[in-house]
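Encoded as structure tokens, the structure appears first; notes follow it.
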2 protein chains.
Amino acid sequence: MALEHAILVSLLERPGSGYELARRFDRSIGYFWTATHQQIYRVLKRMEADGWIDAQDVPQDGRPDKKVHSVAAPGRAALAAWMAEPVEPESVRHTLAVKIRGAAYGDPAALIAETERHRTAHADRLARYLAGERRDFPEGGEPTESEELQHVVLRGGIAYERMTLEWLDDVLATLRRLARARTASDRTQS
Amino acid sequence: MALEHAILVSLLERPGSGYELARRFDRSIGYFWTATHQQIYRVLKRMEADGWIDAQDVPQDGRPDKKVHSVAAPGRAALAAWMAEPVEPESVRHTLAVKIRGAAYGDPAALIAETERHRTAHADRLARYLAGERRDFPEGGEPTESEELQHVVLRGGIAYERMTLEWLDDVLATLRRLARARTASDRTQS
DNA sequence: CTTGCCTATGCAACGAGTTGCATACCAGGA
DNA sequence: TCCTGGTATGCAACTCGTTGCATAGGCAAG
């Protein structure tokens, strides 16, 4: 279970509340993991019960109190143990690809808009990643070890989004070609 | 839920038993979805109960009987309905990246072997994909519409594996650099 | 002063995927 | 004859992730 460990890493990088963690999952952690706040609070509760993390109530003014968590020794040990055991690459799951294969039994042209939507979403993600890279890893900086590791993970996200954009262009070209071919054969028949 | 629809697409491409579907998930369907045989049988049962697919007992000699499924009209309709509604891109989940970020709080050198394992696994997958491409989509062939769509999905898998291999090389270079830096500062301290 | 929005935490039900196990038929080799 | 391995189907328990909902305080705009 990697969510626990992603949270441990994030709390090691900087202690924080469930709410703050949820926002990190929209930024730097989002480069490699996603989770809703509900999931985060549930896991935090379990980790606190297991003694992996500590909790400290922090009153705030102008906003509700928060519970700031930090990693305890057993949590560090659990992370180290998990780091040592091998993990398998994620299994492939690509919903849009299911639709593309299914388009043969529907209308390829109907998938174009959907594919363009995905293209926009990935272009946005790439733009956010690149902005994050410029902000957090400027040229000529002297990165710490942790920052070097964060950067190489981000480079992975950037490479993924670039690759995906190129592929989606390939998909769009293919769908448009097939749509033209269908229109042509329609005209032939009528 | 895309597993049902992936199975519908596969059964449209060619009717088959649960066992045969499971093997397809190791080949062409594996380019975009994974599932165990347990999952497949469970979903087939539900789809049969819902009238999405038909089942026919086929006796075989030299091996156990099998239940061959094919898509019924309601199944085709369900697939068409699902194709028409938008889906979101998958959420990011990358276990190895969690470990990379965690390496700052452990030993970066200890991750090298694991990363190399992943590199080998992805290189193997790429080789299988390329072999599948040569076999199923030879140069100069005249692909049908369905084959064109299958091919563009496979090209996505190939692009993903190539990108991943390049990134893993980047990761390995980074880990080795950090490992050397740690060794050097160890020598300085001692 | 009400309405919307942000901060902050959480429960409950459900759905999808994983893991372990079970059954049964048949073939081929030790 | 027994053991291994491939074909073929399936149940049960569990974990993880998703979705909907609930509560509560504070701020700013209309």
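Keep in mind that what you see is a predicted model, and the values were worked out from it rather than measured.
- Using a cutoff of 4.0 Å between basic side-chain nitrogens and carboxylate oxygens, Glu114(B) and Arg117(B) are scored as salt-bridged.
- Screening residues 59-70 of chain B for salt bridge (charged side-chain N to carboxylate O under 4.0 Å, His left out) gives Glu20(B)-Lys66(B), Glu48(B)-Lys67(B) as the qualifying pairs, with residues at least two apart or on separate chains.
- The salt bridge (Lys or Arg N to Asp or Glu O under 4.0 Å) test applied to Asp170(B) returns Arg155(A), not counting sequence neighbours.
- In this structure, Met1(A) places its CE atom 16 Å from C1' of dT19(C), rounding to the nearest Å.
- To the nearest angstrom, P of dC11(D) lies 12 Å from CG of Leu44(B).
- Here dC6(C) presents its C1' atom at 14 Å from NZ of Lys66(A), a figure rounded to the nearest Å.
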Pairs under 3.5 angstrom only: tabulate donor-acceptor contacts from the side chains of residues 100-108 of chain A to other protein residues two or more places apart or in another chain.
residue	atom	partner	partner atom	Å
Arg101(A)	NE	Glu13(B)	OE2	3.1
Arg101(A)	NH2	Glu13(B)	OE1	3.0
Arg101(A)	NH2	Ser28(B)	OG	3.4
Asp107(A)	OD1	Ala109(A)	N	3.1

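- Remark: Gln60(A) is not in phosphate contact with dT7(C), judged by side-chain N or O atoms under 4.0 Å from OP1 or OP2.
- Contacts of Arg177(B) classified as side chain to side chain donor-acceptor pair (under 3.5 Å), with partners at least two apart in sequence or in another chain: Glu148(A).
- Counting to the nearest Å, the C1' atom of dT18(C) and the OH atom of Tyr41(B) are 17 Å from each other.
- Note: CG (Asp65(B)) to C1' (dT23(C)) measures 15 Å, nearest angstrom.
- Applying the side-chain contact (heavy atoms from CB on, under 4.5 Å) criterion to Arg93(A), with sequence neighbours excluded, gives Ser91(A), Trp33(B), Thr34(B).
- Shown for residues 11-29 of chain A: residues whose heavy atoms fall under 4.0 angstrom of DNA chain C, namely Ser17(A), Gly18(A), Tyr19(A), Arg23(A).
- Partners of Arg162(A) according to the salt bridge (Lys or Arg N to Asp or Glu O under 4.0 Å) rule, which considers only residues two or more places apart in sequence or in another chain, do not exist here.
- A salt bridge does not link Glu139(B) with Arg134(B): every distance from a Lys NZ or Arg NE/NH1/NH2 to an Asp or Glu carboxylate oxygen is 4.0 Å or more.
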Using a 4.0 Å cut-off on protein heavy atoms (strictly under), produce a 5'-to-3' string for nucleotides 18-27 of chain D with B for base contact, S for backbone-only sugar-phosphate contact, and - for none.
BBBB---BSS
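- Protein atom CG of Leu3(B) is 10 Å distant from nucleotide atom P of dT18(C), rounded to whole Å.
- Distances shorter than 4.0 Å separate none of the side-chain N or O atoms of Lys45(B) from OP1 or OP2 on dT9(D).
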Only pairs under 3.5 Å count here: list side-chain donor-acceptor contacts from residues 4-11 of chain B, not counting sequence neighbours, and write none if there are none.
residue	atom	partner	partner atom	Å
Glu4(B)	OE2	Arg46(B)	NE	3.4
Glu4(B)	OE2	Arg46(B)	NH2	2.8
His5(B)	ND1	Met1(B)	O	2.6
Ser10(B)	OG	Arg24(B)	NH1	2.9

